[in-house]
Each structure stands twice: as C-alpha cells, then as structure tokens.
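For ligands, and for the atoms within them, numbers begin at 1 and follow the listed sequence.
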Amino acid sequence: MPYQFIKFVQEGGVVTITFNRPDVLNSFNMAMAKEVQDALNQCASDDTVRAVLITGEGRAFSAGQDLSEAAPADAPWPDISRIVRESYNPIIRAIRNMEKPVIGAVNGVAAGAAANLALACDIVLASEKASFLQAFCHIGLIPDSGGTFFLPRLAGFARATAMAMLGEKIPAQQALEWGMIYKVVPADLLIPEARKMALHLANQPTKGLGLIKRALNQSLGNDLEAQLEVEAQLQAQAAATEDCKEGITAFLEKRNPVFKGR
Ligand code: T3D
C-alpha cells in the first residue's frame, strides 16, 4: 500500500514509521490511522522485520485526532465511538500484539490518542523537548487508545487521575520520573539513539523478545499463580527456539552469539 501520511522505511531488520503531517502536528485523520494500521500489520507479518521504531516528522510526535476532520464545522456531529474503534483501537492492539519490540521515539508533543499510542510502545525514548498531554478533558472527552489502562499502571492512580482530569502538559523529564517512559535524551540524539537501540534489538533473539512481551501483556491481568504458569509455558517455547540454543552454545564456547530471530 503506498503511503501518503506516513513514511515507512526498512533498513535491515528495523522499520521506522514516521507520522508525516507536520503542518497539523501529525494529527491523525482516518486515512493516516489506516496507514499506520497497515504498516504495523505489515511489520508483524514480515519475518525480516525484527524491530519497529515510531516517531513524528517536524516539531511534534502527534497532536492526536485531527479535530477538523472529526468534527467539521458544517457537518452533523460525528460518531466518535466509531473513530475510536476504527482508528485507534486497532493501532493499540497491533502494537501490543506484535511479538517484536516497538520503540516509541517521542520527538515533541504527544497529545490525546497519540500520547497513549506512545505509552503503548514497549520502550519509550523521549527528546528533552517532548511532552505528554492527555488533551481529552479540554474537549469534554475521556482518555482513549488505552489511556485509562496504561496511565494508572505506569504512573499510579493518583497521577493518572490528575493527568486525565487536568490535561496538563507533562514534560518528558516528569514523565520519566513518574515511570511512564524509559529515557530522556537530548533532542539531536533522539533518532540516533532510538535507531541504535532498534538495530541492537533487531539482532537479538526475536522470538524470545516476543515471548517476553506476551508474558508482560498477560501479567497485566493475572495473579501470581497464573503468571507463574504463564512463565513456565512460555519458557518452554523460548527454550525450543534456535536462538536459545545458539545463545547457550555461544556462551559456553566463549564467543558472541549470532541470533537469527528463530
Ligand atoms: O474523534 C474524536 O475526537 C475521538 C478521538 C479522540 C482521540 C483524540 O486524540 S482527542 C484529542 C485531540 N487532540 C487535541 O485535543 C490536541 C489539540 N492540540 C493542542 O492542544 C495543541 O495544538 C498542542 C498542545 C498539541 C500543541 O500546541 P502548539 O501551541 O505547539 O501548536 P498549535 O499552534 O496549537 O498547533 C499548530 C497547528 O496544528 C495549528 O494549525 P494552524 O493554526 O497553524 O493552521 C493547529 O490548529 C494544528 N493542530 C494542532 N492540533 C491539532 C491541529 N489540527 C487538527 N487537530 C489537532 N488535534
């Protein structure tokens, strides 16, 4: 599928998806949401892709839903639940269900649905110029795109409530201190650092990383007993991979492992 609103670049095992509507701060129209869904599904099904990096063109990561498309002045009030179901929910599912690492490289403001899309990524790096904004309350909406799921788990209930109800811009450094993201880096180092991390991950045991992700996903709804059993079952699958055999053999032979993602 040719893309109009995103860039999709594969270099080796790494795909970089860049939101590319900088004039409107990379806000999502329906067509861009469909392109992001298509790109993520392509990454999930292509075995040559072993890590994904998501970022934004220009000064913003993304301002969330394009409000001029969602509620044009001269049209009837839109079916907003349809937009949530058809634009954003498939994107969040695609990120969480893809058994490969997804890095969010947040280059500037991430607002509304895009803030929560960033938080759904496996590892979030943010520029020191970035910020996270639960903008929904300013327009009478509630956090969507997994916001009410991830925010309390990442930042705690009190901070999640305040972020959702006050809609204040949370600077990257604050997001880091609240446990919402992994690292803050100088603006000019964001993409080089994110690429380096993605390249590293693309050369690791991809199946094993995918199983780590599955186990962590399941932990969000499990008690300890259930999770111990999940670990036992997924460890059996991890141990059966070629990469596990290679990792242990290389360790014993005192050489660097060569992982093939199988
Ligand atoms: O359908 C549904 O609504 C359901 C789905 C909901 C999911 C959501 O994501 S709801 C939340 C939607 N997003 C927002 O409410 C954020 C709106 N934007 C802002 O609050 C601010 O733009 C920012 C805080 C993100 C950035 O502020 P600032 O001062 O750096 O930039 P700006 O001047 O406000 O924006 C620059 C341009 O982008 C401007 O256009 P102009 O004046 O240069 O022609 C602005 O209108 C445009 N823009 C920014 N955000 C959006 C947008 N255009 C359309 N939709 C946007 N969300």
Side-chain angles (χ1 to χ4, degrees), residues 4-7 17-37 39-40 54-96 104-121 124 126-152 154-155 160-175 178 180-181 184 187 190:
Q4 189 182 351
F5 300 117
I6 63 171
K7 292 189 214 164
I17 297 170
T18 307
F19 306 141
N20 192 24
R21 301 182 76 215
D23 294 349
V24 284
L25 304 189
N26 301 319
S27 57
F28 275 69
N29 56 19
M30 180 67 87
M32 175 163 137
K34 294 287 176 200
E35 290 184 6
V36 174
Q37 291 169 22
L40 290 168
I54 302 177
T55 192
E57 185 69 34
R59 71 180 175 92
F61 179 71
S62 165
Q65 173 62 37
D66 182 331
L67 295 172
S68 66
E69 186 197 65
D74 53 352
W77 197 240
D79 178 354
I80 284 190
S81 74
R82 191 182 139 245
I83 297 176
V84 172
R85 287 201 177 91
E86 294 183 8
S87 288
Y88 300 108
N89 289 359
I91 292 176
I92 303 305
R93 282 191 200 102
I95 292 173
R96 292 311 317 155
V106 182
N107 50 305
V109 66
N116 296 329
L117 184 160
L119 299 180
C121 293
V124 185
S127 149
E128 61 199 350
K129 292 184 177 166
S131 55
F132 297 82
L133 171 58
Q134 297 295 320
F136 308 87
C137 59
H138 300 307
I139 52 173
L141 293 179
I142 69 159
D144 57 26
S145 305
T148 60
F149 184 85
F150 290 114
L151 276 177
L154 292 168
T161 307
M163 281 188 270
M165 289 192 173
L166 296 173
E168 293 171 338
K169 237 189 212 182
I170 307 298
Q173 189 58 36
Q174 184 78 81
W178 286 357
M180 294 160 59
I181 62 175
V184 178
L190 177 71

In the protein, what heavy atom is nearest to [atom], and what distance, to one decimal place, separates them?
atom	result
atom 4 (C) of ligand 1	Ile80 CG2, 3.3 Å
atom 52 (C) of ligand 1	Val24 O, 4.1 Å
atom 8 (C) of ligand 1	Gln65 CB, 3.5 Å
atom 39 (C) of ligand 1	Asp23 O, 4.9 Å
atom 5 (C) of ligand 1	Asp144 OD2, 3.5 Å
atom 18 (N) of ligand 1	Ala63 CB, 4.4 Å
atom 1 (O) of ligand 1	Ile83 CD1, 3.1 Å
atom 22 (O) of ligand 1	Leu25 CD1, 3.8 Å

Exercise. For atom 20 (O) of ligand 1, which candidate among Leu117, Ile142, Leu133 provides the closest heavy atom?
Worked result: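 Among Leu117, Ile142, Leu133, the closest heavy atom to atom 20 (O) of ligand 1 comes from Leu133.
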Do you see a protein non-hydrogen atom under 4.0 Å from [atom]?
atom	answer
atom 34 (O) of ligand 1	no
atom 55 (N) of ligand 1	yes
atom 16 (C) of ligand 1	yes
atom 46 (O) of ligand 1	no
atom 29 (O) of ligand 1	no

For this session: Answer yes or no: are there more than 12 heavy-atom neighbours, outside Gln4 itself, under 6.0 Å from its atom CD?
Result: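 It does not: Gln4 CD has 12 such atoms or fewer within range.
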Exercise. Is the count of non-hydrogen atoms from other residues, nucleotides or ligands lying under 6.0 Å from Lys129 atom NZ greater than 12?
Worked result: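 Not buried by this count: 12 neighbours or fewer within 6.0 Å.
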For this session: Report the part of Phe28 in contact with ligand 1, treating N, CA, C, O as backbone and CB onward as side chain, heavy atoms under 4.0 Å; options are side chain, backbone, both, neither.
Result: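 Answer for Phe28: neither.
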Check ligand 1 against [X] and write out every atom of the ligand that is under 4.0 Å from a heavy-atom position of the residue.
X	result
Ala70	1 (O)
Ala135	14 (C), 15 (O), 16 (C)
Gly112	9 (O), 11 (C)
Leu141	3 (O)
Gly64	9 (O)

Report the distance from atom [atom1] of [X] to atom [atom2] of [Y], rounding to the nearest 0.5 Å.
X	Y	atom1	atom2	result
Gln134	Thr161	CD	OG1	11.5 Å
Leu166	His138	CG	NE2	8.5 Å
Ile92	Phe149	CD1	CZ	11.5 Å
Asn107	Leu190	CG	CG	6.5 Å
Ile80	Gln65	CD1	CD	8.0 Å

Exercise. Going through the checks in order, is the side chain to side chain contact (heavy atoms under 4.5 Å, CB included) test met by Val109 and Lys169?
Worked result: CA-CA 8 Å; Val109 66; Lys169 237 189 212 182; 4.1 Å; yes
What do you reckon, does [X] have a nitrogen or oxygen under 3.5 Å from a nitrogen or oxygen of ligand 1?
X	result
Leu67	yes
Ala113	yes
Arg59	yes
Ser68	no

For this session: Let me see the working for Met32 and Glu69 under side chain to side chain contact (heavy atoms under 4.5 Å, CB included), right down to the final yes or no.
Result: CA-CA 12 Å; Met32 175 163 137; Glu69 186 197 65; over 6 Å; no
State, yes or no, whether a side-chain contact exists between [X] and [Y] at a heavy-atom distance under 4.5 Å.
X	Y	value
Leu154	Leu119	yes
Asn26	Phe61	no
Ile54	Ile95	yes

For this session: Test Phe19 against Leu117 for side chain to side chain contact (heavy atoms under 4.5 Å, CB included), laying out the working first.
Result: CA-CA 12 Å; Phe19 306 141; Leu117 184 160; 4.1 Å; yes
For this session: Answer with yes or no whether the side chains of Asp79 and Ser81 bring together a donor and an acceptor at under 3.5 Å.
Result: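 On atom types as modelled, these side chains qualify, holding a pair under 3.5 Å.
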